[in-house]
Amino acid sequence: MDRLRGLREKRNITQVRLSTELEVSQETISAYENGKAEPKIDKLIKIANFLNTSTDYLLGRIDDESPLVDLANNVVDEQLNELINNYARLNKLQRKDLIWYSGIIENKDL
């Protein structure tokens, strides 16, 4: 995965931080970056979500590192794009909490 290191460094994310997010060792991240190991599909998806890119970009299938939403839906609204990409990085419980909170905000002035 030639692109992992470059994208991680561009985003100012350490191997330790990425390893914590993926629940793997720092050595595993190093092995991914040096081509000594390949992440399983679930880890590849987590990496793409966390680095705000696509699995296709990480695998070298496309050259556009655009955020997930831009590639999938061509969303133009910058704030909506940021919100959706932040949501993609949340775990299941955090997503549930965010949806609950957004309902409160939506109804607070009614």
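In what follows, residues are counted from 1 in the order of the sequence shown.
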J.: Looking at side-chain heavy atoms only, is the closest gap between I47 and L51 below 4.5 Å?
T.: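 SC-SC contact between I47 and L51 confirmed.
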J.: What is the minimum heavy-atom distance between T53 and R11, and which atoms define it?
T.: CB-NH2, 4.5 Å
J.: Can you name the residues that form a salt bridge (charged side-chain N to carboxylate O under 4.0 Å, His left out) with E21, not counting sequence neighbours?
T.: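 By the salt bridge (charged side-chain N to carboxylate O under 4.0 Å, His left out) rule, E21 matches R17.
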J.: Let me confirm one number: the OH-CD1 distance from Y32 to I29, rounded to the nearest 0.5 Å.
T.: 6.0 Å
J.: Show the nearest heavy-atom pair for residues L44 and P39, with the distance to one decimal.
T.: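 The pair with the smallest heavy-atom distance is N-CB, 4.1 Å.
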J.: For K10, check salt bridge (charged side-chain N to carboxylate O under 4.0 Å, His left out) against everything at least two apart and list the hits.
T.: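 With sequence neighbours excluded, K10 shows a salt bridge (charged side-chain N to carboxylate O under 4.0 Å, His left out) to E65, given in chain and number order.
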J.: Name all residues meeting the side chain to side chain contact (heavy atoms under 4.5 Å, CB included) criterion together with S25; count only those two or more places apart in sequence or in a different chain, and write none if there are none.
T.: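 Only E27, T28 meet the side chain to side chain contact (heavy atoms under 4.5 Å, CB included) criterion with S25.
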J.: Pair up each side-chain donor or acceptor in residues 1-9 with any protein partner under 3.5 Å, not counting sequence neighbours, and list the distances.
T.:
residue, atom, partner, partner atom, Å
R3, NH1, Y57, O, 2.9
R3, NH1, I62, O, 2.4
R3, NH2, D63, OD1, 2.6
R5, NE, E33, OE1, 3.2
R5, NH2, E33, OE1, 3.3
R5, NH2, N34, OD1, 3.4
R8, NE, E33, OE2, 2.5
R8, NH1, I13, O, 2.8
R8, NH2, E33, OE1, 3.1
R8, NH2, E33, OE2, 3.2

J.: Scan for salt bridge (charged side-chain N to carboxylate O under 4.0 Å, His left out) pairs involving residues 45-61, sequence neighbours excluded, and state none if there are none.
T.: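 Output for this query lists D56-R61.
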J.: Measuring from K43:NZ to L18:CG, what's the distance to the nearest 0.5 Å?
T.: 10.0 Å
J.: Locate the shortest heavy-atom distance separating R89 from N49; write the atom from each residue and the value.
T.: CG-O, 3.0 Å
J.: Should I45 and L59 be counted in the same cluster of Ile, Leu, Val, Met, Phe, Trp and Tyr side chains packed under 4.5 Å apart?
T.: yes
J.: For L93, which residues count as a side chain to side chain contact (heavy atoms under 4.5 Å, CB included) partner, sequence neighbours excluded?
T.: N91, D97
J.: Other members of the hydrophobic cluster containing I105, with the 4.5 Å side-chain heavy-atom rule, please.
T.: W100, Y101, I104
